[in-house]
Undergrad: 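My structure is below; once you've seen it, I'll send some questions.
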Amino acid sequence: MLKRLSISNYALIDQLEIDFEQGLTIITGETGAGKSIILGALSLILGERADSSSIRDRERKTVVEACFDIEDYSLEAFFRDNELDYYDGELIARREINPNGRSRAFINDGVVGLATLKELMTRLVDIHSQHSNMLLSRPAFQLSILDNIAGHDEELCSYYDIYNVYKATERQLKDLRDNDERNRSEEDYLRFQLNQLQEINLKPSEDEELEQQQRRLANASSLKEDMWKVMSILDGEENSLLEQLKDVHNTLAVAEEDLEEVAGMSERVNNALIDLKDIAQSVGAVEESLNDDPATLQQVEERLNTIYSLERKHNVKSVDELLKLQEVYEHRLAAIDSSEERIAELQTLLDEQHDQALKQARVISENRKKAAGKFAASLVPLAQNLGMKNLQYHIDFNPVELNASGCDSVEFLFAFNKNQTLMPVKDTASGGEISRLMLCIKSVIAQSMNLPTIIFDEVDTGVSGEIAHKIGDMMGDIAQHIQVIAITHLPQVAAHGTSHLRVFKTDTATQTVTSVERLSNEEHVIEIARMLSGSEVNQAAIDNARALIGER
């Protein structure tokens, strides 16, 4: 339940803190006193969009904070799933709006997204206003009423899980079929391209090897001449480098006997001789292998030209990229070849999941039909008690394709007068009738609602007398099960309150401020007397007020 609401720097409110109690809390006040402002502030906590125009002082941020008692509402899993701190039995929700219009939301001092805040608050507070009456004509709301009365949350959760798996498989099958259709439209093209690549039998990095071979063959004559020149210098017939190094080696070997300074140098030269002899032999072998081979060169160039042509055609830069493209073609064609089998497997799985979901949906549908009978039996007497004595009511059930709600399409049909055809509520009821009808619905489902707080925002507008008194009775009955907060102008409703808050405005030299006061028992009587008689409260009005309170 809502325990406390704190508001600062919001519209006409500078600083305000309101404590709430269990039972029926009545909120009254003159038109324009600020009741709607308080509700607007609370709506921020419920996740509604922030409006920077509501900031009172542009130099400060607006802060709205609400404290809830949540001990008995099994919300631990929500906090765990959203990685939020769970304080045993208490929840503090806060919205802050900066002067620039940006807002932040908090749950137990942890920053959360607005969607998370809104999801949590839907489990804690239901605000019912005249605008909410339009919900009654919406199929989704009508289904939610039956689900609430049926109390089959476990069955619904099970169905949602089964249905979501079914829809995921359906999407997977659609994607597979779309891909298969697209691939089959390109199958001839894919096979032609793949055959062309497979026929030339590419090898990894083949282009690099061929380019190197091409350079060797194209420059064979000049390279052979260079190698011969190196051979001549190293080991030619006259005055070669190796012969000179042999002389250097021999000279140093003799000198080492008398000169310590050159000790070991002959060995070093000998090592160089060994390396150079090896180089000379290798260069000689290379020189002998280098011969003009126009035929091989032509083959290499033709192979390279084929590769270059394919690279240009496929807009790639190497053989390795062509091989990757070849793998793509092979994969797509393999998918085409196996697609019929895979599609058949998925279709079988989808059919099984559909049957499973439909079976669960039919269980839910039967529960709803049973709930519809209970709902009618409870709703009609309540509605008749609120002046709709000729009310007739029926729920049409029609089977539909599986959807997130099951396999039912429902339509609530009403007739408010004798010999009147049953029709949708939007086509047959007045605004006042819809308002009273919604109040009856809330009364019926209050006992099964796992919801701490419901707020009625002037839903009794347009009624008076005995009907107003019965509306007060009904709100009092609902408050036996959940916390009820009612904003009202009717003394007959206010008389049923277990606590009473009065909203009023005061003027200072520079500003108008909205305030709230909790009324004592005697003040509660005086306020109801004022609502009965107007601005002047006399003894007759007070006696009448006491009588109203005594009748509740």
Side-chain angles (χ1 to χ4, degrees), residues 193-331 334:
Q193 300 300 333
L194 178 60
N195 289 337
Q196 192 176 45
L197 289 171
Q198 289 176 333
E199 283 174 359
I200 67 171
N201 194 26
L202 294 169
K203 302 294 187 298
S205 303
E206 181 182 357
D207 50 347
E208 297 177 5
E209 296 174 3
L210 287 171
E211 286 168 351
Q212 183 178 0
Q213 187 179 2
Q214 181 198 35
R215 289 192 297 271
R216 179 185 179 117
L217 290 170
N219 299 315
S221 296
S222 60
L223 290 172
K224 189 176 182 69
E225 184 177 339
D226 290 340
M227 294 302 98
W228 182 84
K229 182 178 179 180
V230 171
M231 280 289 299
S232 298
I233 294 173
L234 289 175
D235 197 14
E237 295 180 356
E238 298 182 3
N239 200 29
S240 69
L241 181 57
L242 290 177
E243 289 295 330
Q244 294 183 48
L245 283 176
K246 287 179 184 178
D247 291 341
V248 171
H249 171 265
N250 293 334
T251 301
L252 286 173
V254 173
E256 284 176 350
E257 297 178 1
D258 301 315
L259 294 174
E260 293 181 358
E261 293 89 331
V262 297
M265 289 186 179
S266 63
E267 183 179 356
R268 292 166 62 188
V269 172
N270 188 57
N271 291 335
L273 270 169
I274 293 172
D275 288 342
L276 286 173
K277 283 180 182 179
D278 184 65
I279 291 172
Q281 290 174 358
S282 298
V283 169
V286 171
E287 188 270 338
E288 288 181 4
S289 69
L290 289 171
N291 293 301
D292 289 336
D293 189 352
T296 301
L297 176 60
Q298 183 178 358
Q299 291 176 359
V300 169
E301 289 180 339
E302 288 176 354
R303 178 73 172 174
L304 278 173
N305 286 336
T306 300
I307 290 172
Y308 292 154
S309 176
L310 284 172
E311 288 177 352
R312 287 192 299 271
K313 175 181 179 180
H314 295 287
N315 194 28
V316 297
K317 297 181 179 180
S318 68
V319 165
D320 290 347
E321 291 184 39
L322 284 174
L323 287 170
K324 288 181 182 178
L325 188 60
Q326 181 176 322
E327 289 181 3
V328 171
Y329 291 151
E330 289 170 345
H331 178 75

Undergrad: Under a plain distance cut-off of 3.5 Å, with no hydrogens placed, do Gln213 and Glu209 share a side-chain donor-acceptor pair?
TA: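 Their side chains do not contain a donor-acceptor pair, so the 3.5 Å distance test is not met.
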Undergrad: Looking at Gln244 and Asn239, what are the two nearest heavy atoms and their distance?
TA: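 Closest approach of Gln244 to Asn239, heavy atoms only: NE2-O, 3.1 Å.
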Undergrad: Please check if the side chain of Asn305 supplies one atom and the backbone of Glu301 the other of a donor-acceptor pair under 3.5 Å.
TA: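 Confirmed, Asn305 side chain pairs with Glu301 backbone.
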Undergrad: If you look at every heavy atom in Leu304 and Asp207, which pair is closest and at what distance?
TA: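 Scanning both residues completely, I find the closest heavy atoms to be CD2-O, 4.0 Å.
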Undergrad: For a quick test of reading the model, state the closest non-hydrogen atom pair linking Ala253 to Ser266 and the distance between them.
TA: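 Here Ala253 and Ser266 meet closest at N-CB, 3.7 Å.
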Undergrad: State whether the number of non-hydrogen atoms from other residues, nucleotides or ligands found under 6.0 Å of Asn195 atom CG is greater than 12.
TA: yes
Undergrad: Using side-chain heavy atoms (C-beta onward) and a distance below 4.5 Å, is Lys246 in contact with Glu243?
TA: yes
Undergrad: Give a yes or no on this: more than 12 heavy atoms of other residues, nucleotides or ligands lie within 6.0 Å of atom CD of Glu260.
TA: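 Open.
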Undergrad: Check whether more than 12 heavy atoms from other residues, nucleotides or ligands sit under 6.0 Å from atom CD of Gln212, and answer yes or no.
TA: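 Incorrect, the count does not exceed 12.
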Undergrad: Please report the shortest heavy-atom distance between Trp228 and Glu287, naming the atom on each side.
TA: N-CG, 3.8 Å
Undergrad: With a 4.5 Å limit on heavy-atom distance, are the side chains of Ser289 and Met227 in contact?
TA: no
Undergrad: Could you give the distance from OG (Ser205) to CG (Leu210), rounded to the nearest 0.5 Å?
TA: 11.0 Å
Undergrad: Considering all heavy atoms of both residues, which atom of Leu322 and which atom of Ile307 are nearest to each other, and what is their separation?
TA: CD1-O, 4.2 Å
Undergrad: Measuring from atom CG of Leu310 to atom CD1 of Ile200, what distance do you get when rounded to the nearest 0.5 angstrom?
TA: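 Rounded to the nearest 0.5 Å, the CG-CD1 separation comes to 4.5 Å.
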Undergrad: Just how far is it from atom CG of Leu259 to atom CD of Glu257, taken to the nearest 0.5 Å?
TA: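 It is 10.5 Å, given to the nearest 0.5 Å.
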Undergrad: Quick check for you: to the nearest 0.5 Å, what is the distance between His249 atom NE2 and Glu267 atom CD?
TA: 8.5 Å
Undergrad: Could you tell me if the side chain of Glu208 sits less than 4.5 Å from the side chain of Val319, heavy atoms only?
TA: no
Undergrad: For Glu330 and Leu194, what are the C-alpha separation, side-chain angles and deciding distance, and is it a side-chain contact (heavy atoms from CB on, under 4.5 Å)?
TA: CA-CA 7 Å; Glu330 289 170 345; Leu194 178 60; 3.5 Å; yes
Undergrad: Taking it one step at a time, do Ile279 and Leu276 satisfy side-chain contact (heavy atoms from CB on, under 4.5 Å)?
TA: CA-CA 5 Å; Ile279 291 172; Leu276 286 173; 4.3 Å; yes
Undergrad: Would you say Gln193's side chain and Tyr329's backbone share a donor-acceptor pair under 3.5 angstrom?
TA: no
Undergrad: Does the pair Arg303/Glu206 count as a salt bridge with the N-to-O cut at 4.0 Å?
TA: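 Judged by the 4.0 Å cut-off on N to carboxylate O distance, Arg303 and Glu206 do form a salt bridge.
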Undergrad: Please check: side-chain N/O of Asp320 versus main-chain N/O of Pro204, any donor-acceptor pairing under 3.5 Å?
TA: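 No: the side chain of Asp320 does not pair with the backbone of Pro204.
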Undergrad: Testing Leu242, Leu245, Leu234, Asp235 for side-chain contact (heavy atoms from CB on, under 4.5 Å) with Lys277, which one passes?
TA: Leu242
Undergrad: What do the steps show when you test His331 against Val328 for side-chain contact (heavy atoms from CB on, under 4.5 Å), and what is the final call?
TA: CA-CA 5 Å; His331 178 75; Val328 171; 5.7 Å; no
Undergrad: Roughly how far apart are Leu290 CG and Asp226 CG, rounded to 0.5 Å?
TA: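 It comes to 9.5 Å.
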Undergrad: Taking the side chain as every heavy atom from C-beta outward, state whether Val254 and Asn250 have any pair of such atoms under 4.5 Å apart.
TA: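 The answer is no; the side chains never approach within 4.5 Å.
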Undergrad: Search all heavy atoms of Leu297 against all heavy atoms of Gln214 and return the closest pair with its distance.
TA: CD1-O, 3.9 Å
Undergrad: Answer yes or no: is there an ion pair linking Glu327 with Lys324, defined by an N-O contact shorter than 4.0 Å?
TA: no
Undergrad: Are Glu311 and Glu321 close enough, and set up right, to give a side-chain contact (heavy atoms from CB on, under 4.5 Å), and what steps lead you there?
TA: CA-CA 8 Å; Glu311 288 177 352; Glu321 291 184 39; over 6 Å; no
Undergrad: Would the distance check show the side chain of Ser282 and the main-chain N or O of Asp278 forming a donor-acceptor pair, the cut-off being under 3.5 Å?
TA: yes
